[in-house]
Colleague: 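Have a look at this one before I ask anything.
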Protein chains: 2
Amino acid sequence: MSPAPIPFSDLVSEQTRAEIFATVLTVGPLSRTQLAQRLGLVPSSVTRMLPPLLEHDYLRETDAVPQGRGRPQKLLHVNPDKHVVVGMKIGPGQVSGVVTDMAANVLARAEQPIADCRPETALSAAAALTSGLLEEAPQAADRVLGVGVGVSGHVDPAAGVCRYSALLGWTKVDVAGPLAAATGLMVTVNNDVNTLVVAERWFGAGRDVDSFAVVTVGPGIGCGLQLGGSLYAGTSGMAGELGHLPLDPAGPMCSCGRRGCLEALAGDRAVLRHIQDGGITDCTTIADAIALARGEHSAARTVARAAFAEVGAALGRGLAGLCNLLNLQKIIIAGEGAVAHDLFGPAMQQALDAHAFSDAARDCQIHIDPVTHDLWARGAACLVIREAVGAAIS
Amino acid sequence: MSPAPIPFSDLVSEQTRAEIFATVLTVGPLSRTQLAQRLGLVPSSVTRMLPPLLEHDYLRETDAVPQGRGRPQKLLHVNPDKHVVVGMKIGPGQVSGVVTDMAANVLARAEQPIADCRPETALSAAAALTSGLLEEAPQAADRVLGVGVGVSGHVDPAAGVCRYSALLGWTKVDVAGPLAAATGLMVTVNNDVNTLVVAERWFGAGRDVDSFAVVTVGPGIGCGLQLGGSLYAGTSGMAGELGHLPLDPAGPMCSCGRRGCLEALAGDRAVLRHIQDGGITDCTTIADAIALARGEHSAARTVARAAFAEVGAALGRGLAGLCNLLNLQKIIIAGEGAVAHDLFGPAMQQALDAHAFSDAARDCQIHIDPVTHDLWARGAACLVIREAVGAAIS
DNA sequence: CCCATTTCGTTGACTAGATGAAGAAAATCG
DNA sequence: CGATTTTCTTCATCTAGTCAACGAAATGGG
């Protein structure tokens, strides 16, 4: 594997240039004048900052494009081919990854099932996946900016270490070290939901707001926070633990050993539990449950639908707490479970409206994003770009 | 009432000068060198910023004080007499206020019961209290910087309006307008718990941390947040609504009409409810309950103690959610109810440890601050100083 | 007692980022 | 073709910051 050239930092480490780059990246081609307005600068300041970015070919400008009267604009856009970036997500059962260009466009994707969750297994799979992905983008090998990794669990991004992951069964696992050693590339690690936050912020529903949460539903309930325009990590990088909000002292046991956590009330297992409690025994996966609830009218369908409604109501109560506490502009529901939003959405919204203060709920849009797809890994790639460009850009 | 001179803003509006002022104010007399270190500057930069602050007499320096070898330092301190500030809290039943100097030292205090909570009643009481307080500091009338007001409920600080207050029964009440008209002074309004956050940040347990929450216990449960070094207000200034976190779907009715809110489980009424459920009928105020629980050994005392333990456990569950979600460095328990911390504290801590992730709980100190006393109103005064100095200073 | 040492603070030359005003560039409109 | 409009650049200037050198004011050792 080639050594990683990381020439970006010294050139664009200055705050303003980083903001220019990020703005051009995320809000598309822009003229200098538009850019100045958006950044609260005067056009001449933009002009002054640009030369190094253009000379080093991070940004390019189009030919003049006339639009009515006046001198035509030259639009700035990022040069997507300056670098490629690898992003991946390590989850239970599989490692999935993408290669993107500098505009975070996905060039190739791949995934690899892992037999067990031991750190060695997962990390060697991640290294193999990185190699494989970079071979698919053959001319890219000498232009790799770095590898971004999203890990479900508590991550210390500065150290590149996963502190604790219930889902993976990890405690104090160094992720960046082994992966950097195996690939020879710069490695950035963060919580997997945080990678989604960055992706939503740059390309998704978080584009136009500066305070939002991404809540992932699936086997577990995850949460990442963007507060006041920047990713909120907390004291030791483990903020966003919404899944174990204690919502019901009489609730079912949670995998964490406590009772009535949001995750126990609204995770996949809660759906299955409700269905089994309803007397249906041959429904063992969440896919079964969705199929049942969307299937032909039957007693079983009624039970399954009621199960999703229960789960939606619990989720809504949790979101109400989040909404009341942080007075967010938006909550984005994502994760594998979001595909079933037709089943749990109405009950969730109803519980949210019932439990959130009306002012807070009015200010807070709910956005359901069922097509997370590559977004996890793409977000991990964004993380690398974001770091290279300077964390200041949010 | 005299017109308010507000000469500060133009002079010190620059970020760095504001930070210098705030640092000198909060961490006491400092030499230029110490100041530079603390602000991450070089001493000459401090020297260059000082002249306007000294000329306009916001800061002063002591005579040289030798300390061992070398040239003696001249310590900078704020000139407390440059202005006076009025701070007050409008709560149900009474308006209380203080006059402070520029170092937020309390010069005089007063409170005034109000017969009802109608806005006119409360605001005219506030205006009267302001006049009264300023008469107690006679030579101060021409040096008033402004009036800060803390109101329990949802406040829009920019508009100076209380949007909604359950405790006061207010909906869309303009506070700043009438009070400015009546007093002729600049008026700053904020949520009452936010005033506590500022006070704790400047003078209290929040001095050495940059992410903490102040949770007030009493008739209601309030919460203010300092995240990443600055007061977190949320999208529309109503963040920090912890009291209505839904913690128990089978819990008692809350005054907000929902079931099982933290406030219904851990507010004063919850204590009384538990005691009455225990068969004791002549305990109608929280003071009675505290006296009972601290009194002579008896069956009633056992019931009262159990009531506080129940409430503490509920509070601990709520704090665990807060701690997990935001991974704070510190949670400060304040408010009138905090005096009973000997009664609810152990159960609270136990529930917190049981429900918070151990990593998050380890990073999060609990600080109980039972002597809030003037702190509400003093915090409101800080709010005015903070605004005059520039919100940038956190 | 005087001079080296130490610490504090100031001065002045210099740099980087931002601004505003004026002007050059490149289109359309009449 | 000239007037107008819009975009972008150039240049003088401002502000906040740094660095390096120096001045100030104490202690302590010979």
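Residue numbering restarts at 1 for every chain, and letters A, B, ... go by the order of the sequence lines.
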Colleague: Residues in side-chain contact (heavy atoms from CB on, under 4.5 Å) with A/Ala199, at least two apart?
Modeller: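 Counting only residues at least two positions away or on another chain, A/Ala199 forms a side-chain contact (heavy atoms from CB on, under 4.5 Å) with A/Leu375.
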
Colleague: Mind jotting down which residue pairs meet the salt bridge (Lys or Arg N to Asp or Glu O under 4.0 Å) criterion with at least one end in residues 31-45 of chain A? Sequence neighbours excluded, please.
Modeller: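 Passing the test, one end in residues 31-45 of chain A: A/Arg32-A/Glu61.
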
Colleague: Can you list every salt bridge (Lys or Arg N to Asp or Glu O under 4.0 Å) pair that touches residues 225-238 of chain B, not counting sequence neighbours?
Modeller: none

Colleague: Which residues satisfy the salt bridge (charged side-chain N to carboxylate O under 4.0 Å, His left out) test with B/Asp81, sequence neighbours excluded?
Modeller: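 For B/Asp81 there are no salt bridge (charged side-chain N to carboxylate O under 4.0 Å, His left out) partners, ignoring immediate neighbours.
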
Colleague: Taking for each residue the nucleotide of DNA chain C with the nearest heavy atom, is it A/Arg71 or B/Thr47 whose nucleotide lies nearer the 5' end?
Modeller: B/Thr47

Colleague: For the residue pair B/Asp363 and A/Thr235, confirm or rule out a side-chain donor-acceptor distance under 3.5 Å.
Modeller: no

Colleague: Check every nucleotide of DNA chain D for an atom under 4.0 Å from a heavy-atom of chain A, then give the first and the last such nucleotide from 5' to 3'.
Modeller: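 Listing 5' to 3', DNA chain D meets chain A from D/dT4 to D/dT10.
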
Colleague: Does a side-chain heavy-atom distance below 4.5 Å link A/Val161 with A/Val155?
Modeller: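 When only atoms from C-beta onward are counted, A/Val155 and A/Val161 do not touch, as no gap falls below 4.5 Å.
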
Colleague: Grab the CD-P distance between B/Glu61 and C/dC8 for me, whole Å please.
Modeller: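 Computing the B/Glu61:CD to C/dC8:P distance gives 15 Å.
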
Colleague: Could you tell me whether B/Asp63 atom CG has more than 12 heavy atoms of other residues or ligands within 6.0 Å of it?
Modeller: no

Colleague: Figure out the CG/P separation between B/Asp63 and C/dG9, and round it to whole Å.
Modeller: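 Between P of C/dG9 and CG of B/Asp63: 13 Å.
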
Colleague: Start with the C-alpha gap between B/Leu145 and B/Val86, add the side-chain angles, then the distance that decides, and say whether side-chain contact (heavy atoms from CB on, under 4.5 Å) holds.
Modeller: CA-CA 8 Å; B/Leu145 186 61; B/Val86 177; over 6 Å; no

Colleague: Apply side-chain contact (heavy atoms from CB on, under 4.5 Å) to B/Val78 and list each qualifying residue two or more places apart in sequence or on a separate chain.
Modeller: B/Phe21, B/Val24, B/Leu25, B/Leu59, B/Ala103

Colleague: Evaluate the criterion side-chain contact (heavy atoms from CB on, under 4.5 Å) for residue pair B/Met238 and B/Asn191; output intermediate values, then yes/no.
Modeller: CA-CA 8 Å; B/Met238 47 189 282; B/Asn191 173 272; over 6 Å; no

Colleague: Among all residues two or more places apart in sequence or in another chain, which pass the side chain to side chain donor-acceptor pair (under 3.5 Å) test with B/Asn105?
Modeller: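 Partners of B/Asn105 under the side chain to side chain donor-acceptor pair (under 3.5 Å) test: B/Asp101.
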
Colleague: Could you work out, with salt bridge (charged side-chain N to carboxylate O under 4.0 Å, His left out) as the rule, every residue matching B/Asp57, not counting sequence neighbours?
Modeller: B/Arg60

Colleague: Residues two or more places apart in sequence or in another chain: which of them pass side chain to side chain donor-acceptor pair (under 3.5 Å) with A/Asp156?
Modeller: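 Result, side chain to side chain donor-acceptor pair (under 3.5 Å) vs A/Asp156: none returned.
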
Colleague: Specify the residues of residues 25-32 of chain B, ordered by number, for which at least one heavy atom lies under 4.0 angstrom from an atom of DNA chain C.
Modeller: B/Ser31, B/Arg32

Colleague: Could you list all N or O pairs between the protein and nucleotides 16-20 of chain C that sit under 3.5 Å apart?
Modeller:
unit_1: C/dA18; atom_1: OP1; unit_2: A/Thr16; atom_2: OG1; d: 2.7
unit_1: C/dA18; atom_1: OP2; unit_2: A/Thr16; atom_2: OG1; d: 3.3
unit_1: C/dA18; atom_1: N7; unit_2: A/Arg48; atom_2: NE; d: 3.3
unit_1: C/dA18; atom_1: N7; unit_2: A/Arg48; atom_2: NH2; d: 3.1
unit_1: C/dT19; atom_1: OP2; unit_2: A/Val42; atom_2: N; d: 3.3
unit_1: C/dT19; atom_1: OP2; unit_2: A/Ser45; atom_2: OG; d: 2.5
unit_1: C/dG20; atom_1: O6; unit_2: A/Ser44; atom_2: OG; d: 3.2

Colleague: Provide a list of protein-nucleic acid N or O atom pairs under 3.5 angstrom, restricted to nucleotides 28-30 of chain C.
Modeller:
unit_1: C/dC29; atom_1: O4'; unit_2: A/Arg69; atom_2: NE; d: 3.2
unit_1: C/dC29; atom_1: O4'; unit_2: A/Arg69; atom_2: NH2; d: 3.0

